[in-house]
Amino acid sequence: MAIKALPTSFFERPTLEVANHLLGQVLVRQLDDRIVQAEIVEVEAYTADDPACHAFAGRRPRCEVMFGPPGFAYVYFIYGMYHCLNVVTEVDGVPGAVLIRALAEPKSGSQLQLNGPGKLCRQLEIDLQCNGLPLFDAKQKLYIKSGRTIKEEEIAVSPRIGISKAVERPWRFYLKDHKSVSRRK
DNA sequence: TCCGGGATTTAA
DNA sequence: TAAATCCCGGAA
């Protein structure tokens with residue numbers, strides 16, 4: 001039976017809804033010598049009317065992908081040394097994305113530390129070449145497949161981390177008591 | 001063309 | 001608390 005990725009309809013919804021539902025889904029990354037499959041355990045939402053969102057200032061080359069159809073990867077370079085992975089949401093023409101902040105490998109024996117948006121991209125070798133890749137296509141070396149269902153009471157909410165605008169919006173979501181989530185600032 | 005800030009991380 | 005380190009976007 002062929003491996004199946006999440007359908008585009010999963011991503012073509014309001015950003016906050018997609019952010020919540022991404023928790024528990026599995027990010028699959030095929031590297032040259034190994035394959036990594038890890039559960040999404042921490043995310044943040046960014047929307048069109050959100051001053052903290054890269055797309056807030058309008059269409060720019062960097063965040064062009066966010067304005068396109070949902071389900072694609074939006075990867076950006078930050079602080080001169082890190083990349084961050086986002087999943088594009090909303091219908092075509094409306095910008096929106098969910099930042100993947102932490103992952104957890106099902107087998108805890110792994111040495112991979114996948115907490116922190118910069119660190120997980122570094123370890124999964126995700127860079128600007130991944131920008132614009134479809135995450136709904138299991139033939140890709142980077143995609144998202146269905147994981148487990150998360151109950152609402154398992155999700156913790158907090159303000160987003162590291163931003164200077166709209167700092168009060170409670171748009172960070174993560175699995176309660178999960179050891180892989182970023183430390184609070 | 002120039003300049004400042006940034007959805008981070010680490011170490012002291 | 002600060003340094004590392006560089007792309008992007010707005011100002012000039």
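All values reported here derive from a predicted model rather than from experimental measurement. Below, chain A is the first sequence line, B the second, and so on; all start at residue 1.
Pair assignment for B/dA7 gives none, since no Watson-Crick or G-U wobble pairing has each distance under 3.5 Å.
Across all strands, A/Arg160 comes closer than 4.0 Å to no nucleic acid atom at all (heavy-atom distances). Residue contacts for A/Gly80: at a heavy-atom cut-off of 4.0 Å it reaches a base atom on one of the strands shown. Residue contacts for A/Ala57: at a heavy-atom cut-off of 4.0 Å it reaches the sugar-phosphate backbone alone, with no base atom in range.
The side chain of A/His54 places no N or O atom within less than 4.0 Å of a non-bridging phosphate oxygen (OP1 or OP2) of C/dC8. Residue A/Ser164 has no polar side-chain atom (N or O) positioned under 4.0 Å from OP1 or OP2 of B/dG5. Regarding contacts with the backbone of B/dT10, a side-chain N or O of A/Lys119 is found under 4.0 angstrom from either OP1 or OP2. Applying the 4.0 Å criterion to OP1 and OP2 of B/dT8, one finds that A/Arg101 has a side-chain N or O inside that range. Under 4.0 angstrom from either OP1 or OP2 of B/dT9 there lies no side-chain N or O belonging to A/Arg122.
Protein atom CD of A/Gln123 is 13 Å distant from nucleotide atom C1' of B/dT8, rounded to whole Å. Taking atom CZ of residue A/Phe56 and atom P of nucleotide C/dG10, one finds them 12 Å apart after rounding to whole Å. If you measure from atom CZ of A/Arg60 to atom P of C/dC8, you get 14 Å, rounded to the nearest angstrom. One atom, CG of A/Leu128, and another, P of C/dC6, lie 13 Å apart when rounded to the nearest Å. Residue A/Leu120 contributes atom CG, which lies 16 Å from atom P of B/dA7 at whole-angstrom precision. Separating the CD atom of A/Glu42 from the C1' atom of B/dT9 is a distance of 14 Å, rounded to the nearest angstrom. Rounded to a whole Å, the CD1 atom of A/Ile161 is 9 Å from the P atom of B/dT9. The CD1-P distance, from A/Ile163 to B/dA7, rounds to 8 Å in whole Å.
A tilted orientation is assigned to the rings of A/Phe77 and A/His83, their planes being inclined by 30° to 60°.
Inter-residue side-chain proximity for A/Val87 and A/Ile144 is flagged as met; some heavy-atom pair is nearer than 4.5 Å.
Evaluation of atom-type donor-acceptor distances gives no pair under 3.5 Å for the side chain of A/Tyr79 against the base of C/dA4.
Looking at A/Asp137 and A/Lys145, no side-chain N of the basic residue comes within less than 4.0 Å of a carboxylate O on the acidic one, giving no salt bridge. Taking a cutoff of 4.0 Å between a charged side-chain nitrogen and a carboxylate oxygen, A/Arg148 and A/Glu39 qualify as a salt bridge.
With distances taken from any side-chain atom of A/Phe77 to the nucleotides C/dC6, C/dG9, B/dT9, the minimum falls on C/dC6. The side chain of A/Met66 lies closest to B/dA7, out of C/dT5, C/dC7, B/dA7. Minimum atom distance to the side chain of A/Ile78 is reached by B/dG6, of the listed C/dG9, C/dA4, B/dG6.
B/dC2 and C/dT5 have their P atoms separated by 22 Å, with the value rounded to a whole Å.
Stacking of A/Arg172 on the aromatic ring of A/Tyr174 is recorded, both the 6.0 Å distance cut-off and the 45° axial limit being met. Both tests hold for A/Arg160 against A/Tyr46: distance to the six-membered ring centre under 6.0 Å, angle to the ring axis within 45°.
The ring of A/Tyr76 does not lie on top of the base of B/dA7; it is either too far (5.5 Å or more) or too tilted (30° or more).
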